[in-house]
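Report on the structure given below.
The model shown is predicted, which means the values in this text are computed figures rather than measured ones. So you know, we letter chains A, B, ... as the sequences are listed, proteins then strands, and number each from 1.
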Amino acid sequence: MADITLTLPDGASRSYPAGITAGEVAADISTSLAKKAVSATYDGAHWDLAWPIEADGALAINTMKDDGPALELIRHDLAHIMARAVQSIWPDVKVTIGPVIENGWYYDFDRAEPFTPDDLGAIEAKMKEIINARDPVRTEVWDRPRAIAHYEELGEPYKVELIEAIPGDEPLRMYWHGDWQDLCRGPHLQHTGQVPADAFKLMRVSGAYWRGDSSRQMLQRIYGVAFRNRDDLKKHLTFLEEAEKRDHRRLGREMDLFHMQEEAPGQVFWHPNGWTIYTALQDYMRRKQRAGGYREINTPQVVDRKLWEASGHWEKYQHHMFIVEVDESRDGENDDASAKNRAETRINALKPMNCPCHVQVYNQGLKSYRDLPLRLAEFGSCARYEPSGALHGIMRVRGFTQDDAHIFCTEEQIEEECARFIEFLAAVYEDLGFPTFEIKFATRPEKRVGTEESWDYVENALEEAIRKTGRTYTLEPGDGAFYGPKLDFYLTDAIGRVWQCGTFQVDPNLPERLDANYIGADGEKHRPFMLHRACVGSFERFIGILIEEHAGRMPLWLAPTQVSVCSIVSDADDFVHEAVASLQAAGLRAEADIRNEKINYKVREHSMAKVPVILAIGQREVENRTVTVRRLGEKQTQTVPLDELITSLTEEALPPDLKARAATGTA
RNA sequence: GCCGCAGUAGCUCAGUGGUAGAGCGCACCCUUGGUAAGGGUGAGGUCGGGAGUUCAAUCCUCCCCUGCGGCACCA
C-alpha cells in the first residue's frame, strides 16, 4: 500500500500507509495526545479519529482546547446520548433527528405521552450515567439496503424515511455508543466519557413538525445546552437570566409603557410613557423622510374587498385579513323595499398593507415621467390576522404601523433609488444606535412572473446599488417574491438576537394589476415600477427592539420622563416646581416628586423607572438656585446652577438629526 | 394553526373540596429625611370565562379564551 504524507500544524511532515486513521496518527505523535484527542481537522474537514485517511493533506489533531470542534462534538454526542437515554427509559419511543444548534442541540422524538419536566430530570440523570460509563464510540459504513432493513426491523420508520431521502446511493455511516446505535454523518468523540458531565442542561420540551412540515406528524423536541465546562454553562444561564430582565414585555409593564389584554389580542394599548417613545421616534422618522424627498400621505383603514381582489391580496391572504361585513340595509331603515333590492352586506377588509391604497393616490391625475420618481410615504396602520401562535409581545402583533413608502419610478431609476434608500436606512440606523446591520439579497424564485431579461436587469440594479454603497450582503437565492427581488435589512440587538426591520422590494406586478401608468417622453403610456420600502418596519417591533437593546434605559431624546426633580425637604417644594416649569418650558419632559419620602427612596424609585436624569433639591440648592444632578446608573452627583443644567440638557436631549443640524449650524 | 405548560390583589407569587394569604405597590397618619426601600394603620379579589360532578368547587372533569416556550407562518 502506498504511503501518504500528512503535514502537521507545526509544519512537520510525516509519512504513513494510506488508510491510517487520524487516531492512529495521534497515537504515533504521543500517547497523551492520543488520549486527549477528540477529533481531527483533515484538509479543512472535521474528521473523526476513527476515519481512515487515504491521501496527502494537512492534519491537525483537536483536543478539548480547540473550542470550535470541541463544542461541536460535545453537543453532537450529547444529542446521541440523550436519544439513547430516552430510549433506554422508554423503549418504544421512536427516534428521528438531533442536530447541533447555537449553544446546544435538540432531538426530536415520537412518543404518545408528553415529556414532563420530571422526565427531563430523569433523562438528564440517565445521560450522566452513560457519560460516566465511558462507552467507546464505534463507527461502520453500511450500504443503504442493509441500513433500511435494519431500521425496518427495529421499527424506526423515521430513520427509514431519512435514509430514503438521502440523495444518491452513497454508503451510510453508522455510529454506536455502547449498545445504542444511530445513523449519523459524524464525527464523534472517542468515548462518551469525553463529554463533560457537568456542563450541559436540558432546557425545555416543545412540539416540532416532522421535517418542518405542518401537514405532518407533530414530534416532541427536547432542547439542551452544552459547553466545555461548568463555568461556561453557568455563564450562559446567567446570560439567559439577564436577557429575561431586558424582555420588552416585562419592561413595558415595569416602566408603564403599554399593555395588552385579551379583548384585543396582538394589539397594543400604548400608555403615556410608551406613546412618548413612539411619537418621538415617529417625529424623527417624519423629519428624516421629508429631508429624504418623500411626500407623506394617509389612506383608509377599511377598504372594500374589490380593491384587495384587484391587487391579488384577497386570493392569497384572505385568511390573514380582518374582514368587516357591513349591513348596508341599515341605510334604508325607512325604506325597506329599496334596501331589499340591494346586496345587503358589503365586505371590507382592514388594510393588511398600504401599497394598493398608495397606487390609488398615484392613480389620481395623469402622471408624467417628469413626476418620477414619486416617493409616497405613510405611517400606515395595518391589521393582519396573524396565527395565534405567532404573537409575541409587541414584536409580532396583529395591529401595527409601518414607516411604509412606495417609490414609483422607471426601470432605469431603480438602481439610484435603491442606493439612496440604503444610505437613508444606514443613516437612520446609525442615529438609532445600530451602526451595523446585515443585508440579505433575495433573488428570483422558481415560481415567478416576468421575463428573464427583466429579472436580470432588476437583480443587477440592486446588486450594483449595494456595491455603490460599499456594503456587503448575503445572497438568498430563490427567496424573492414571485414578481421581483428584494433586500431585507437585519439588526442584531444587545442580546444577540437578529431582527428583520427594513426591506426594499421591486414590484412591477402591482402597478400592472392596478393599472398605474405615466406618460413618457415619447408621449406614450408606460407602466411604472413600484418599490416597496420600510426602514424601521413596524414601530411596535422597533420599539420592542429599542427597549431590549437599551434594557429600558432609553437615550435621553427617547426617554418618556427625561428629568425627575425631587425635593429633599418640603421647604424645597416651591423651587422644585419652578425647576420643573423651567425645564418644561425648555421642551424637556420633566416631573416633580415632592412626595413625603426620603431622598433615598425617591432616587431608588426613579432609578428603577429608568429616568435618565434625577435632580435633588434641598435647602442648599434652594439658597443657591442650583440642582444636584445624578445620572441614571451613576453613583456620583454634581451640583450645578439650574440655568446651566437646562442649557446643557436641552442640547443633549435633541433628537439625533436635529443635534447634527445644530452642530453643523454652529460650526 | 399545531404540541406542551400556565392563568389567584395593580405586580411577583403562596394556598386549600367548606367561597383566600404574603411581599412589593396603593391610600391615610407619624416622620423633614442629603442620593437605591424610615415607621404605623388601612383599602383592595366573581381565584380567566362557561358547563358538569358534589350537600358544597378557586381546587376535580369537559369546553372556550388569553398568555408563555417551541414548531409552522410572517404579503
Side-chain angles (χ1 to χ4, degrees), chain A residues 106 108 110-111 113-117 119 203-223 244 247 249-250 253-254 256 259-266 308 311-321 351-356 382 384-393 395-398 400 402 481-483 486 488 500 503 505 507 509-510 532 537-538 541 566-573 594-609 614-621 628-639:
Chain A
Y106 66 77
D108 288 348
D110 184 11
R111 177 185 180 222
E113 298 293 307
F115 290 111
T116 65
D119 291 342
M203 300 299 283
R204 65 174 67 94
V205 45
S206 71
Y209 296 109
W210 170 233
R211 316 215 89 191
D213 182 343
S214 60
S215 66
R216 306 200 62 179
Q217 175 81 21
M218 175 67 70
L219 305 169
Q220 294 189 66
R221 174 172 298 178
I222 302 178
Y223 285 92
E244 208 179 307
D247 191 306
R249 291 165 297 191
R250 176 178 172 150
R253 192 171 47 243
E254 288 175 0
D256 196 16
H259 85 273
M260 302 173 94
Q261 64 185 52
E262 60 178 272
E263 288 81 357
W308 307 114
S311 71
H313 291 102
W314 188 262
E315 190 194 355
K316 218 174 162 197
Y317 294 109
Q318 194 191 138
H319 297 296
H320 295 282
M321 288 161 83
K351 68 172 168 184
M353 57 190 333
N354 307 297
C355 28
C382 297
R384 295 180 184 175
Y385 191 80
E386 298 285 1
S388 57
L391 302 179
H392 178 85
M395 302 288 214
R396 186 82 184 271
V397 286
R398 289 185 176 153
F400 59 94
Q402 288 173 303
F482 69 89
Y483 47 75
K486 63 173 180 175
D488 283 325
Q500 194 227 310
T503 188
Q505 200 167 327
D507 183 3
N509 182 57
L510 200 59
H532 308 255
S538 124
R541 171 179 297 182
C566 307
S567 57
I568 295 171
V569 292
S570 50
D571 284 348
D573 290 0
I594 56 163
R595 289 175 305 167
N596 177 15
E597 296 291 352
K598 293 195 171 168
I599 191 63
N600 292 20
Y601 184 90
K602 293 183 185 180
V603 165
R604 174 179 153 84
E605 195 160 272
H606 296 293
S607 297
M608 289 197 310
I614 300 168
L615 304 184
I617 296 179
Q619 202 54 50
R620 294 201 296 271
E621 286 81 3
T628 297
V629 186
R630 177 180 165 132
R631 293 288 179 143
L632 181 59
E634 287 178 13
K635 282 262 186 284
Q636 321 89 302
T637 61
Q638 200 187 358
T639 302

Pick the [atom1] atom in [N] and in [M], then give their distance to the nearest Å.
N: rG39(B); M: rU46(B); atom1: C1'; value: 36 Å
N: rU66(B); M: rU8(B); atom1: C1'; value: 16 Å
N: rG45(B); M: rG38(B); atom1: C1'; value: 30 Å
N: rU16(B); M: rA6(B); atom1: P; value: 15 Å
N: rU58(B); M: rU19(B); atom1: P; value: 10 Å
N: rC47(B); M: rG7(B); atom1: P; value: 14 Å
N: rG49(B); M: rG44(B); atom1: C1'; value: 23 Å
N: rG50(B); M: rC55(B); atom1: C1'; value: 23 Å

Taking [Y]'s backbone N and O only, do any of them form a donor-acceptor pair with [X]'s side chain (distance below 3.5 Å, no angle check)?
X: Glu621(A); Y: Ser567(A); result: no
X: Gln220(A); Y: Arg111(A); result: yes
X: Arg604(A); Y: Met608(A); result: no

With sequence neighbours left out, what residues match [X] under side-chain contact (heavy atoms from CB on, under 4.5 Å)?
X: Pro387(A); result: His320(A), Ala390(A)
X: Thr116(A); result: Asp118(A), Asp119(A)
X: Arg249(A); result: Asp247(A), His392(A)

Next item on the list: At under 4.0 Å between heavy atoms, which parts of nucleotides 34-51 of chain B does protein reach? Answer with one letter per nucleotide, 5' to 3': B base, S sugar-phosphate only, - none.
Entry: BBBBS-------------
Next item on the list: Heavy atoms under 4.0 Å is the rule here; annotate nucleotides 68-75 of chain B 5' to 3' with B where the base is hit, S where only the sugar-phosphate is, and - elsewhere.
Entry: SBBBBBBB
Notebook entry, point to check: Is Glu263(A) atom CD crowded by more than 12 heavy atoms from other residues, nucleotides or ligands, each under 6.0 Å away?
Noted result: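 Yes, enclosed.
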Check: For atom CD of Glu315(A), is the number of surrounding heavy atoms from other residues, nucleotides or ligands below 6.0 Å larger than 12?
Finding: no
Item checked: Interatomic spacing from CD in Gln636(A) to OG1 in Thr628(A) - rounded to 0.5 Å ->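 Rounded to the nearest 0.5 Å, the CD-OG1 separation comes to 13.5 Å.
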Note to self: With rounding to the nearest 0.5 angstrom, report the CD to SG distance, Gln505(A) to Cys355(A).
What the structure shows: 8.5 Å
Item checked: First of Arg253(A) and Pro114(A) reached from the 5' end of RNA chain B, by closest nucleotide ->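 Going by which nucleotide is closer to the 5' end, it is Pro114(A).
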Margin query: Output the pairing pattern of RNA chain B as a dot-bracket string, 5' first, Watson-Crick or G-U wobble with both distances under 3.5 Å, | for cross-strand pairs, [ ] for crossing pairs.
Written below: (((((((..((((....[..)))).(((((.......))))).....(((((..]....))))))))))))....
